[in-house]
Amino acid sequence: MFDLATVFEFTRDTVIFTVGLTAVLASLGVILCSSPIYCALYLISHMICLALLFLLYNAEFLAVVQIIVYAGAVMILFLFIIALLGGKKEVQELTFERSIAVAFIFTLLGELYLSATVGPTKQIEGKINPEIFGTAKAIGLELYSKHLVAFELASALLLVAAVGVICLAKFSFAPLKRR
Amino acid sequence: MSVTEQGLLERDKDTMTLNMGPQHPSTHGVFRVILEMDGEVVKTAEPEIGYLHTGIEKTSENKRYVHVIPMTDRLDYLNPPGNNLAFCLSTEKLLGIEIPDRANALRVIMCELARIASHLVWLGTHALDIGAMTVFLYCWREREMILDLNEEISGVRMMTSYIRVGGVAKDATRSWLDGILDFIQYFPAKVDEYERLLTKNPIWLDRTQGIGSFTREEAINWSLSGPALRASGVNWDIRKSQPYSGYENYNFEVPVQNNGDIFDRYRVRIEEMRQSRSIIQQVLENLPGGPYKDPDNKVSLPARETLHTSMEALIHHFKLVSEGISVPKGETYVPIEGARGEVGFYIVSDGTNVPSRVKLRAPSFMAIPGMCKMMEGCYIADVVGIIGSIDIVMGEVDR
Amino acid sequence: MLQATFAGVKNLLIGMGVTFRNMLSKPVTLQYPEVKRTMPARYRGRHFLNRDEEGLERCVGCSLCSINCPVGCIHVVSAENDPNNPVSKGERYAEVYEINLLRCIYCGYCEEACPVDAVVLREHYELADYDRDNYIMEKQDLLVYPEPNEFRVNILGNTERVNK
Amino acid sequence: MDWVTKFLDELWDFIVQSLSDNVPLIVGSVKAIVIAVAVMSVVPGLVWLERRLMGRFQVRLGPNRVGPFGFGQPMADTIKLLFKESIIQSSADKFLFHLAPAVVVFTAIVAFAVIPFGAPFEVFGQNIELWGANVNSGILFVFAISGMGIYGMVIAGLSSNNKYSLMGGLRSSAQMISYELSLGLSALSIIVLTGSLSLMDMVVAQESVPFILIQPLAFLLFFIAGVAETNRAPFDLPEAEQELVAGFHTEYTGMKFAMFFMGEYINMVTMSALVTLLFLGGWNTYGIPIWPILAFAAKVVFLLCVFIWLRSTFPRIRYDRLMTFGWKVLLPLCLLNLLITGTLKVL
Amino acid sequence: MTSEEIVKKIKENLADIVQNTDLPQGDAVIFVAPDSLQSVAEFLKNDADLKFDYLSDVRGVDYLLEEREPRFEAVYQLYSIDNQHSIRLRVGIEEDNPSVPTVSNLWKGALYPEQELFDMFGINVEGHPTMERLIMPKDWEGFPLRKDYPLTTETVAFSHNRDFKSELVKSKPPTR
Amino acid sequence: MGQEFVLLISSSVFCIGACGFIIRKNPLIMFMSVELMLNSVNFLLIAYSSFLNSLDGQIFALIIMTVAAAEVVVGLAIILTIFRTRQEMDVDHINALKG
C-alpha cells in the first residue's frame, strides 16, 4: 500500500507541479503588475522557480548558473536601471491592434497545448554516465569537445556585447572637473 | 511622487536634488547644503545657514564689555581663547592701554594651545568624514590633555573666558606650566603617528589630492583665510604680517603649500600644529615675570588680597564690577590669526560702558561661499571632504 | 608603477601597525562612575556660599555677584543684621540668595566680583537632575558644603582649598 | 474494525521503515537547525568582538558594563532593538520594506549551509558530516546565494523612498556585481588547482600545504574582493555614514535594522570561512595538536579580527575609485593569476 | 605702506570722491559716499601701490542712538596680501531707502557679508545676485541689528517666581 | 511528471511572455517578457535533455543564457541612452527615428 518508491515519486511530482505552477503564476505577475519594481521581483521569483525545476530535472550546474547569471546579474541590472530611471506605474490600455495580437497569442497557446498531446519522445540510451549527469564536469566535457564552435561563438558574442555596451552607455558628460 | 517612481534622474531635469543637512552626520553642526546632483557628481551646491543663530552680536550691544567675553567663547567653540583675545585686543586698542609682558606670554600660550586643540578636532573629524575612524579617537586623546590644561588654569575645559581686557584672568600655576612642558614633549610623537596613519596612505591620498582645489587668485578673491588660504600658496599669517601679543618675538615658520586641495590643507594644519608647539616651547623658555594684568584699577580688578586691606582697592573693585570699563568713543578692528583664519571684532563704542556695535569677522562664515564653489563638479563623497577641509564651525557662522 | 604600488601597500601596512601598537597600549579612558578625576583647584563647577572662622556666613549681601553676572542668574535680597544674633559679620546679610543653575554659564564672574570670598565655584560637576525646580539653588542649598575655614585666598589670588 | 488495525500496523511499519531509511534526512534537518541557530547566535558574539576590539584599537575599552567584560551588551542591544518602535514612512512601499531585511538574513544563513567546518566522523554508526548540505558544486552555491543577498539591499534602497537609501542601494548593486567577478575569478584558480567545485575536496587538497603559500596573489585578491563583497570598511560605500547617512538602511529601525546588521555579520563569517577553506587549509592543523574544528574556528576568528582591524585603520575609498579599482586593477590581476595558474596546471 | 602714506595717496588720487579721511589709532580710514563706492573700490583694488586684493569683511553699523547723519554705515575692511597693509572704507547710508552698490564683482568674498548686510540692517545691496535673507528665516520681518528693533528679555526663574516656566519670554525693555 | 507537463508549463510561459511583450509599453517590462520567453525555451531544453538522457539540451540552454545576458545588457544600455536623450520611456511615444 505504501511503497516507498511510489511515495518518493509522488512527492517529486508534487514538488515539480507546485514549482512549475508557481513559475507560471510568477510569469503572469511579470506582465500584469503595473509597477516595474514588482515586475522585476516577479521575474526574479520566476527565475528561482526555474532554477529549482532545473535542479529537479538533473541539471544542477545549470541551476546554479541560472541563479548566478540571471538572478545575480541580469535582474540586478534591471533593478539598477529601474532605480536610475524611475519605476513609474503605467496605465494599461488595450487598443484594437493589441487585442488582435493577444488573440493571436492565445491561438498559438492553444496550438502548443495540442502539440503537447503528442506521445513521449524516446530516450537516447547509454550515452552519458548518469553519475555525473548535469554536473559542471559533464557540461565541461561536452562543451569543450562537441560544442566548441558554439562556445567560441558565444564568447565572441559576449565580447561584442561588452564593447557595444561601453560604446552605448558611455554618455559624453563633460570630463569631471577636479577642483 | 515617491523617489522610487521618480528615479534618480528626475523627470523634468537631468539632475537630482539632494538635501544634505542640517541633520547630517558630516555637515559639522547644523549646516545645510542643497546639492544638484548628476548621479554621484555635484552640479551646483547651494548653502543654507542660520540654524544656530543665537544673536550674539545683538546681545553684545546690551552687555558691558567684560560681559561680552564669555559670549565670545561660544562663537567659535573650538578656539575660545582666540575669540577672547580678538575682542580684548580691539577693546584695548580703543582704551589705548599696554599689556604686561607676562599677560602677553600667557595669552600666546593659551592661543597656541587652543590652535592645537582646534586642529586636533579638525583632524579627527575630517579623518572620520573620510572614513578613518581611529584617528578621531587618537586626536581626542591628545585634545583631552589640552582641555585638562585649560581646566587647570582657567577652571573650565572649553569656555575658558581666560583672556580679559587688560590681561588675563588668573596667573599661571606651577603645575600648569609643568603640564605644558610634559605636553609639548609628548606631542610631536603623536603628530608623527597621525602622519603615519594618513599622510602616505594611498586611500587617503586618493581621497584628498587634487580635490576641492583653489588657485592662489581664487582663494584670495573668495576671501578664504587661515590654513585654507595658505594651502593655496598665499604666505599670509597675521601673526607675521600684523603681529600682536608679542608674536614678533617668537621664531616660527608659516607653512605654505601650493595646490590648494584638501591634502595641502591637511599638510598645512599638521605643520601648524608642530609650529604652535614650537612657539609654546619658546614662550616657556623665557616666560617673563611681573604682573599678569594691567595694574590700572580702572581697567582690571585689583588683586584679591588687597581687598581686605586697602579701602581704595575695595572702592575700585566695587566701581569696576558695578559699572564696568568705560571705553572712549571710536571704532576699531584688530585682526588676529585664529585656528580657522582671520578673526577680529569690529567694535564701535559710543563712550559708555556698553559697546554700540560688535561685529565678528568669522573665517568660517567668509569661507562658505568659496567652499560651495569648490564642491561643484565633485563627487558626493568629496563634498564631505571639502566641508571637513575648510573646517567650518557653525557657532561663528550663524553667531 | 610597481614601485608606487609597493610603497602604497607598505604604507597601508604601516598604518595597520600604528593601530596595532595602540591596541597594545593602555586605554586612556576612565571608568567613570567608579573612577573619578580629581578636579583642579580652579575648577568652576557648582556654587557654594562660604562661612567664616566663626561659622557665620561670609556673604554680606552686597549684590556685586548679581550685578556682575552676565546672564543675571543670581538673585540677592539683603537685610539688616540683628546685632545680637548676627548671620554675617557685616552690617547686612543676604536674606535671599538664589542661583538658577540652568541659566548659569559657569563663567566664574560672581566669584571674581565677591569682595568677601563668599560665593565660590567648586569642583562639583555632577549636576544632573530630573526636575528643573531643583536647579534653583536657594541659600540653604548653597551653604551646605564647606566647613568653616576650608578655603583661603592663595598667593595667586584664587580661592583655594586648604588641605588638612 | 480489522482493517483499521491492519492499516495502523502498516502505517507504523511504514513510518519505522521510512524513518530508518531516512536517517540521513533526519540528521540533515537536525544539522540544518543547529547550524542556523549557531550562525545566528554567532552574531552577538561577533558584535561584541568588533566593539571590544575596535575599542582597543582606539585606546579605549569598549562595552564593559553589561555582564562580565560586556558580554551581555549585544543581548541588551538586541532586547532594546526588539522593543523599539518600528517606524515605517508613510510613503514607503510597505511590502518591499518588510521583505528586504528578511531577504538579507535568509540568504546570509542559507549561504552558510554548504560551508563544511570539520572532517566527517561517526556517531552511532551514522556518518555525520559537519556541514549543512552536501552540494557538489559548493562554492558555486555560495556565490549564487550571496549574489541573491544583494536584492535585500537594493529592495531596501528602492522601497524606503529616500534618496540616500536609493543611492546606497544603487551603490551596493554596482559594487557587488563588480566585485563578485573578481571573487569568482580568484577562486577559480583554486578550483583549477583542485579540479573540483566541492569545498570538501579543496580542504583535502590542502592537507600538506595550504593554498595561501601556492597562490598568495589569489589569496590577496580573494580577500580584498571578499571585504568589498561583505560591504566592510574600507569598501563600506553602500552604508557610508558620512556621505549617505546610513545608505540603504537609513529608514530602518528596531529589529528590521538589526536584521540588516545580522546579515552583514553572518556574511562576514561566511566570507572568513570561505577564505579559510580555500586558502588557509580549512581544518587541517599542520601538526599543531588541537582539534581540527578548533583550528578551523581559530582561523575564522583570526580573519574576522583582520576585518575589524582593517575597519579601524583605513579611510573609506571613493565610489568611482572603487569601481576603477575593481575593474581596472582587481579584475586584470585575477585574470592574470588565472592564466598563470592554468598554464602551470597544463604544463 | 604706512597708514599715513595710504591716506595721502588716496587723497591725492581721489580728492573729489573721498569725503573725508581719518587715522584712528593708526588705522587708515576713508569715508566714501555710496555712489562713488564702486569707483573707489576699483581704484583700491587695481592701483599698483595699494593693491587691496583681499576683502576681509563688510559690516553694517546703525548710528541711530548717536543722532548723526547718515544713520547707517557700511564698513569695508580691505587688506593687501602683497603689501601687507590694510584700510577701512566707511560708507554712510541714508535712513530712507538705504542702499549701497555691491563690491562682489571685485571681491567674491563680499557675497555673504553683503547679504548679511541686507538681512540684518535692511540695506539694499544693488547688483548683488541673491538679495534675500541669509541667517534669519526667509519670512522674517524686521531687521534685527537695527537699533530700533524691538527686543524681548527673558525672565530668570527664582523661588519667588518658581512657576515661571512656560512663559519664558516676556516683552520688556532691555536691561543693561 | 511527464513530458506533457513540461510542454504545458513551457508553452504557457512562452505565450505569457509574448503577451507581455505586446501589451506592455514600458521597454523594461518588454525586456522582461523577452526574458520569460527565453527562459521557457531553456526549461524545455533542460527537461528534454533529462528525458533524452543527452547533454546537448543543457549545452544549448547555457548558450541561450549567454545570448540572453548579452542581449539584456545591450538592450538596457539602449534604453538608458534613449531615456537620456528623450526623457521618457513609453515605447508608444518613441516612434521617431530622430534621437
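Sequence lines set the chain letters: A, B, ... in the order given, protein chains first and strands last, and positions in each chain run from 1.
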Separation between [atom1] of [X] and [atom2] of [Y], rounded to the nearest 0.5 Å:
X        : Y        : atom1 : atom2 : value
D:Leu344 : D:Ile214 : CG    : CD1   : 11.0 Å
D:Leu61  : D:Arg51  : CG    : CZ    : 12.5 Å
C:Asn68  : C:Cys114 : CG    : SG    : 11.0 Å
D:Leu183 : D:Cys334 : CG    : SG    : 8.5 Å
C:Leu121 : C:His47  : CG    : NE2   : 4.5 Å

**Prompt:** Non-hydrogen atoms of chain C under 4.5 Å away: do they reach the side chain of D:Phe57, the backbone, both or neither?
**Reply:** both

**Item:** Chi angles and distances behind the side chain to side chain contact (heavy atoms under 4.5 Å, CB included) call for D:Phe296, D:Leu280
**Value:** CA-CA 9 Å; D:Phe296 182 81; D:Leu280 300 184; over 6 Å; no

**Message:** If the contact rule is any heavy atom under 4.5 Å from chain C, which residues of residues 299-311 of chain D qualify, in numerical order?
**Reply:** D:Trp309, D:Leu310

**NZ/NE/NH1/NH2 to OD/OE distance under 4.0 Å, D:Glu50 and D:Arg232** = yes

**Item:** Donor-acceptor contact below 3.5 Å, side chain D:Gln206 vs main chain D:Leu277
**Value:** yes

**Fill in**
residues 10-20 of chain C vs chain D, non-hydrogen distance cutoff under 4.5 Å, contacting residues -> C:Leu12, C:Gly15, C:Met16, C:Thr19, C:Phe20

**Request:** Check the angle between the aromatic planes of D:His249 and D:Phe257 and answer parallel, tilted or perpendicular using the 30° and 60° thresholds.
**Result:** perpendicular

**Message:** What I want to check is whether the side chains of D:Gln215 and D:Thr341 have a donor and an acceptor closer together than 3.5 Å.
**Reply:** yes

